[in-house]
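For reference, positions follow the sequence shown, starting with 1.
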Amino acid sequence: MWVYEDKEVTCHDDLLPGCTDFVYLITYTNGKKYIGKKTVRSVRRLKPTKKQLAIRKNYARKELKDLPFVNYEGSSKLTEGLTVAKKEILYQTAGKTAATYIEVALLFEHEVLFNSTFVNENISGKFYGNALNGLLGERQ
């Protein structure tokens, strides 16, 4: 079960109306944590109806489709076999860009690559635990 601002989230109706993605924190029974993002609604482009085509030739018909998220427990291979203690929704967003920005900001803020509490392996597939290899000198 997901929790957002101390309220249970068990279906899409419990999310904010415009929410398409959210940033989450999963805590495992062994004390390890994982920060990630999840898409819960996707925008589907559909063919316009005949009535819509009569109005405008290039009519764009879009529809939000709910995606399953209730039983989601992360996609990292490092978390396979771990028992989930708590699933928290930290932020809800109306787009992937905002969710990605917040996720990356949180990952850097918590220094997940150097903090053994977190099981995140990388940040955006670009930064790994060896990110500071080649750093010359110590910064004061």
Tabulate below the donor-acceptor pairs under 3.5 Å that side-chain atoms of residues 98-113 make, not counting sequence neighbours, or state none.
{"unit_1": "Thr100", "atom_1": "OG1", "unit_2": "Lys37", "atom_2": "NZ", "d": "2.4"}
{"unit_1": "Thr100", "atom_1": "OG1", "unit_2": "Lys96", "atom_2": "O", "d": "2.9"}

Checklist entry - So does Asn71 have more than 12 non-hydrogen atoms from other groups sitting under 6.0 Å from CG? => result no

Next on the checklist: So, taking the atom named NZ in Lys32 and the one named OG1 in Thr83, what distance separates them when rounded to the nearest 0.5 Å?
Outcome noted: 14.5 Å

Next on the checklist: Contact between Leu25 and Lys33 at the side-chain level, heavy atoms closer than 4.5 Å - yes or no?
Outcome noted: yes

Next on the checklist: Side chains of Phe127 and Asn122, heavy atoms from C-beta outward: is any pair under 4.5 Å?
Outcome noted: no

Checklist entry - Closest heavy-atom contact between Pro68 and Lys38? => result O-CE, 3.7 Å

Next on the checklist: Quick check: closest heavy atoms across Tyr34 and Ser76, and the distance to 0.1 Å?
Outcome noted: CE1-CB, 3.7 Å

Next on the checklist: With clusters defined by side-chain heavy atoms of hydrophobic residues (ILVMFWY) lying less than 4.5 Å apart, directly or transitively, does Val23 cluster with Leu16?
Outcome noted: no

Checklist entry - Should the ring pair Phe69 and Trp2 be called parallel, tilted or perpendicular, given that the plane angle runs from 0 to 90° and is split at 30 and 60? => result tilted

Checklist entry - What closest approach, in Å, do Ala94 and Thr20 show between heavy atoms, and which atom pair accounts for it? => result C-OG1, 3.3 Å

Item to check | Whether over 12 other heavy atoms sit under 6.0 Å from Tyr91 OH | outcome: no

Checklist entry - What is the distance from atom CG of Leu82 to atom OG1 of Thr27, rounded to the nearest 0.5 Å? => result 11.5 Å

Checklist entry - Say you draw a straight line from NZ of Lys86 to CE of Met1; how long is it, rounded to the nearest 0.5 Å? => result 9.5 Å

Item to check | Contacts of type salt bridge (Lys or Arg N to Asp or Glu O under 4.0 Å), residue Asp66, not counting sequence neighbours | outcome: Arg41

Checklist entry - To the nearest 0.5 Å, what is the distance between NZ (Lys87) and OH (Tyr28)? => result 9.5 Å

Checklist entry - Any side-chain heavy atom of Leu15 sitting closer than 4.5 Å to one from Val40? => result yes

Checklist entry - According to a 4.5 Å side-chain heavy-atom criterion applied to Ile, Leu, Val, Met, Phe, Trp and Tyr, with indirect links allowed, do Val9 and Val3 form part of one hydrophobic cluster? => result no

Checklist entry - So if you build clusters from Ile, Leu, Val, Met, Phe, Trp, Tyr with side-chain heavy-atom gaps below 4.5 Å, do Phe118 and Ile89 land together? => result no

Checklist entry - Any chance the rings of Phe22 and Tyr4 have centres within less than 6.0 Å? => result no

Checklist entry - Same hydrophobic cluster for Ile123 and Tyr128, using side-chain heavy-atom links shorter than 4.5 Å among ILVMFWY? => result no

Checklist outcome for this item: In terms of heavy-atom contacts, Thr117 and Gly31 come closest through CG2-O, 3.7 Å

Checklist entry - Applying the 4.5 Å side-chain criterion to the ILVMFWY set and letting contacts propagate, would Leu67 and Tyr24 be lumped into a single cluster? => result no

